[in-house]
Number of protein chains: 2
Amino acid sequence: MEFKLNFDINEKIYLRNPESSEIGKLMIKKAIDLICELGFEQFTFKKLALEINSTEATIYRYFENKHRILLYILNWYWCFMDFLFTVKLENISNDREKLKLIIKLLSNEFLDNLYHNEYNKIYLNKIVIAESSKAYLVKDIIEINKNEVFKPYKDLSGKIADVISLYNPNYKFPRSLSTTLIETSHNQQFFSMYLPKLTDDIHHNGSEFTRSFLEDFVFKILD
Amino acid sequence: MEFKLNFDINEKIYLRNPESSEIGKLMIKKAIDLICELGFEQFTFKKLALEINSTEATIYRYFENKHRILLYILNWYWCFMDFLFTVKLENISNDREKLKLIIKLLSNEFLDNLYHNEYNKIYLNKIVIAESSKAYLVKDIIEINKNEVFKPYKDLSGKIADVISLYNPNYKFPRSLSTTLIETSHNQQFFSMYLPKLTDDIHHNGSEFTRSFLEDFVFKILD
DNA sequence: TTCAAATAATAGTAATACTATCAAAAATAA
DNA sequence: TTATTTTTGATAGTATTACTATTATTTGAA
């Protein structure tokens with residue numbers, strides 16, 4: 001049995017909700033494929049239009065620009081991760097185990113085929129690793145942030161910070177440690193793939209290496 | 001007395017060495033100002049040409065594209081940091097003090113007016129924080145990396161890793177910890193400026209906060 | 001079935017990311 | 001100093017991107 005996951009993505013990200021039509025859903029699906037394949041810089045609405053047998057004009061009715069599509073995809077991912085955290089952590093009472101599981105999820109061992117096969121999760125993952133920082137490293141970050149488009153990321157980071165504080169109430173930097181975990185999981189996976197000299201991943205097993213690095217440092221910090 | 005710092009930047013980054021002419025030097029100087037002011041995405045050769053009272057064609061004779069200018073600037077910065085590390089660490093025998101100083105330098109407390117006032121170091125710093133990941137988060141990273149354009153970054157990271165290993169020879173992830181320090185120093189400073197909820201920097205003093213977070217982080221991991 | 005909404009097809013504009021040409025100016029070598 | 005090479009400035013041009021606008025057609029909901 002499969003479930004259809006649906007998240008309420010912040011309305012300010014889109015002009016028309018892509019979930020509200022078939023072409024809208026196809027748009028997101030193919031955008032994930034294309035951004036993964038071409039990289040965000042080379043990704044254009046024209047190429048996406050071609051892919052979905054439609055026109056640029058149609059896409060522009062859904063999204064102001066390609067940055068908004070990236071935000072939409074990342075928001076969906078963050079909501080998905082939040083959902084995964086909720087589901088997978090609820091039965092676990094031990095805070096140490098919770099942290100271990102969080103790190104496992106951040107290192108992308110969630111790629112099981114449970115839930116929702118609408119979007120290609122492997123592609124989604126590559127996008128998160130290689131493109132997610134481009135969502136916030138923009139000149140108009142202040143304006144964009146006013147629309148709460150980073151709320152799902154902040155919520156997710158907040159949840160991890162809560163577990164950190166539960167595990168060690170005396171630790172002074174739960175939020176910063178939380179974002180460091182998230183961002184470092186992306187960085188180390190990227191580096192181990194493309195710039196391995198920047199890591200200690202001698203066996204080239206990216207996500208497994210990242211997991212062990214993150215687990216080691218989190219517990220050294222919190223114990 | 002002031003010194004003129006000169007680093008040998010990898011020849012594959014440029015078509016013609018900007019250090020070899022007045023207009024070339026002005027090009028880099030103004031590129032730093034413009035990238036800082038407009039952000040890398042909005043920065044164009046046309047705008048830079050206008051700024052240096054020249055033409056796009058002239059700039060294209062020095063650099064293939066704007067990504068190469070970014071790489072040039074970052075290479076200069078990494079060489080500069082390497083130089084700073086060498087100079088400031090040579091008198092220090094205590095490895096713990098060395099690590100502390102490294103963290104201080106990574107948190108941008110190097111903005112003294114010693115050495116070289118050619119480039120605006122405050123701007124340079126903002127570029128490193130907000131734009132440096134765009135140098136490697138590109139689709140053609142594999143091709144680009146073949147030209148050794150990230151060597152200064154790898155060397156710098158390697159030096160930090162060496163100090164880490166000297167301080168604690170049993171620690172298993174010196175390189176990954178080193179890059180995590182570098183990248184986290186950028187992230188936390190950016191977040192504390194624009195997305196403060198992602199940090200614990202309640203007093204909004206960016207680089208001082210980053211220093212204390214990283215120092216706590218490193219010594220809990222290594223002690 | 002009728003009517004509003006969404007889409008496709010097409011056109012067009014301003015800006016970007018280049019490439020090419022050639023004359024003028026500057027640097028350098030004889 | 002003049003001659004020669006190199007670099008620059010001025011100009012032009014192309015393909016692509018990032019949009020906006022218009023209208024005819026299709027779809028779908030009342």
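Because the structure is a prediction, the values reported are computed rather than measured. The sequence lines fix the lettering, A, B, ..., with proteins before strands; numbering per chain opens at 1.
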Quick one: which of C:dC18, D:dC19, D:dT7 gets closest to the side chain of B:Tyr62? D:dT7

Does NZ in A:Lys126 sit with more than 12 non-hydrogen atoms of other residues, nucleotides or ligands closer than 6.0 Å? no

How close or far is atom P of D:dT17 from atom CD of A:Glu56, stated in whole angstroms? 9 Å

Interatomic distance, B:Glu22 CD vs D:dG9 P [rounded to whole Å]: 13 Å

Under 6.0 Å between the ring centres of B:Tyr136 and A:Phe191? yes

Roughly how many Å is it from CZ in A:Arg61 to P in D:dA18, rounded to a whole number? 19 Å

So what does B:Tyr60 hit on the nucleic acid, given a heavy-atom distance under 4.0 Å: a base, only sugar-phosphate, or nothing? base

Taking the side chain from A:Ser192 and the backbone from A:Asp201, do they hold a donor-acceptor pair closer than 3.5 Å? no

Quick one: which of D:dT17, C:dA8, D:dT8 gets closest to the side chain of B:Ser21? D:dT8

Can you measure B:Lys46 atom NZ to C:dC18 atom C1' for me and round it to whole angstrom units? 11 Å

Whole-Å distance separating the OH atom of A:Tyr14 from the P atom of C:dA6: 14 Å

What is the distance from CG of B:Leu50 to P of D:dA10, rounded to the nearest Å? 12 Å

Looking at B:Thr180 and B:Ser176, would you say the former's side chain and the latter's main chain have a donor-acceptor pair under 3.5 Å? yes

Looking only at side-chain atoms of B:Lys66, point me to the closest of C:dA8, D:dT17, C:dA17. C:dA17

Check every atom of D:dT17, D:dA21, C:dT7 against the side chain of A:Thr58 and return the nucleotide holding the closest atom. C:dT7

Specify the separation, in whole Å, of atom CZ of B:Arg16 and atom P of D:dG9. 12 Å

Residues, nucleotides or ligands: over 12 heavy atoms within 6.0 Å of A:Lys66 NZ: yes

Identify whether any heavy atom of B:Glu64 sits under 4.0 Å from a base atom; if not, whether one sits that close to sugar-phosphate; answer base, sugar-phosphate or nothing. sugar-phosphate

Rounded to whole Å, the CD1-P distance (A:Ile59 to D:dT20) equals 14 Å

Among D:dT20, D:dG9, C:dA8, which is the nearest nucleotide to the side chain of B:Thr55? D:dG9

